[in-house]
Amino acid sequence: MDYSAVAKHDLKTEPQYIDAPMTAAAAFLVLTINSGDEAMDKARSVVASIEDLLKDIKIQVNTGIFTANLGISHHAWEPLTRKPLPKELKPFQEIRGAQHTAVATEGDLLYHIRADSVDLVVEFEKILLEAFGDSVTAVDDVTGFRYYNGRDLLEFVDGTANPIGLSLPASTLVGEEDPAYAGGSYVVIQKYLHDLKDWRAQTTETQEQIIGRTKFDNIELPDATEGQKSHKTLCTIQDAEGEHDILRDNMPFATPGKGEYGTYFIGYSRHLWVTEKMLERMFLGDPPPLHDRILDYSRAVTGVTFFCPPRKFLVDLAD
């Protein structure tokens, strides 16, 4: 066997840190690239240097986890990478339901930063933005935190349906269907703001029916076969090939002094259509207009789609 060829193939398709474990802190930094060739060239140089920037932080971390994934939007892909688009990459599509809307917002680059402490997040963002200089503009920057045994601020465990084991890469990493971008992953982000006052006014039984799980011990409730479906059921995507999963790495965030409490949704998937279908079912309903009742208490204020290419793809942009 030609082991050098195997190593070369593995290096080419080595993914970013898609499957990194949940951490105590995470940040979601969304940037737009400013107009002009000079700004684009500078942004390309910084994007290509992500491995070096990560090493600058990691070398100072004695224990724990520190990772950062970089996603590139449809709008920025061709001018930044000078490569063809990944097969499924397209802008986030607004979904306007009878009562709620999944809005589409701007963003060219996403840095999803995970760490065991906020200081590492801040340090990485500081050196990153210093490197970009005036080539980019930050349009969103949210730091999340781990809350009570993996619960969101609605006080339910989040991410229970995430794939594990071999199903994790199978659900999140592009394969032979798009060989030029094998090892990459589609990413959708949405920032949700919660109306905690109204949510807490509901009985525990009502909350459990909306979520589809028990609140105390996180036991899955039976799926509704007709009529109003729970959040859990609406986010379960099945077809003739079976069930299609995504990886959620959502984080709670809050600014209590402003009365702001929310969840930052981030979903990694092998196929973008899977996440899109979940959101359609939530906002339009299945059947329409029976939308996901969690939206009566959680309002989406952002929505952007990105593609996280393999690590070597990013490094090669410097050439």
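Checked against side-chain hydrogen bond (donor to acceptor under 3.5 Å, both in side chains), T101 has no partners two or more places apart in sequence or in another chain.
Using a 4.5 Å cut-off on side-chain heavy atoms (C-beta onward), H244 and K277 make no contact. Taking 4.5 Å as the limit, some side-chain heavy atom of L173 sits within range of a side-chain heavy atom of P15.
Within a 6.0 Å sphere centred on CD of E51, other residues, nucleotides and ligands contribute more than 12 heavy atoms. The environment of K126 atom NZ is dense: over 12 non-hydrogen atoms of other residues, nucleotides or ligands sit within 6.0 angstrom. The 12-atom threshold is not exceeded at CD of E205, counting heavy atoms of other residues, nucleotides or ligands nearer than 6.0 Å.
Distance check: K55 NZ to L53 CG gives 11.0 Å after rounding to the nearest 0.5 Å. In this structure, L89 CG and E78 CD are separated by 9.5 Å, a value rounded to the nearest 0.5 Å. To the nearest 0.5 Å, atoms CG (L193) and CG (L153) are separated by 11.0 Å.
Using a 4.0 Å cut-off between a side-chain N of Lys or Arg and a carboxylate O of Asp or Glu, E94 and R96 qualify as a salt bridge. Of the charged side-chain nitrogens involved, none lies within less than 4.0 Å of a carboxylate oxygen, so that D292 and K229 do not count as a salt-bridged pair. Under a 4.0 Å N-O distance rule, the pair K232/E208 does not qualify as a salt bridge.
Follow the hydrophobic side-chain contacts under 4.5 Å out from M278 and you reach Y192 in the same cluster. By the rule that hydrophobic residues join a cluster once side-chain heavy atoms approach within less than 4.5 Å of another member, L247 and M251 end up as members of one cluster. Linking ILVMFWY side-chain heavy atoms closer than 4.5 Å, directly or via other members, places V122 and L129 in two distinct hydrophobic clusters. No chain of hydrophobic side-chain contacts below 4.5 Å, direct or via other Ile, Leu, Val, Met, Phe, Trp or Tyr residues, connects Y264 to L154. Linking ILVMFWY residues whenever their side-chain heavy atoms come closer than 4.5 Å, directly or via other members, places V301 and V30 in the same cluster.
For residues 32-67, the ring-ring contact (aromatic ring centres under 6.0 Å, His included) pairs, not counting sequence neighbours, are F66-F124.
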Could you go step by step and tell me if H194 and Y297 meet the ring-ring contact (aromatic ring centres under 6.0 Å, His included) rule?
CA-CA 6 Å; H194 302 315; Y297 311 94; 9.8 Å; no
With side-chain hydrogen bond (donor to acceptor under 3.5 Å, both in side chains) as the criterion, how do D223 and T233 come out once you've worked through the C-alpha distance, each side chain's angles and the decisive distance to 0.1 Å?
CA-CA 6 Å; D223 292 330; T233 301; 2.8 Å; yes
Assess whether side-chain hydrogen bond (donor to acceptor under 3.5 Å, both in side chains) is satisfied between D52 and S49, documenting all intermediate values.
CA-CA 5 Å; D52 290 334; S49 70; 6.0 Å; no
Does the side-chain hydrogen bond (donor to acceptor under 3.5 Å, both in side chains) test come out yes or no for Y268 and D19, once each step is laid out?
CA-CA 9 Å; Y268 291 95; D19 62 350; over 6 Å; no
Any chance you could lay out the side-chain hydrogen bond (donor to acceptor under 3.5 Å, both in side chains) test for N218 and T160, step after step, and finish with the verdict?
CA-CA 8 Å; N218 192 38; T160 302; 3.0 Å; yes
Where do F313 and W77 land on the ring-ring contact (aromatic ring centres under 6.0 Å, His included) test, with the steps shown first?
CA-CA 12 Å; F313 180 95; W77 185 271; 5.4 Å; yes
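Between H271 and Y186, the gap from one ring centroid to the other reaches at least 6.0 Å.
Partner of L31 under the side chain to side chain contact (heavy atoms under 4.5 Å, CB included) criterion, chosen from D141, V136, D140: V136.
Ring geometry for H112 against F28 counts as parallel: the plane angle stays under 30°, on a 0 to 90° scale with 60° as the upper cut.
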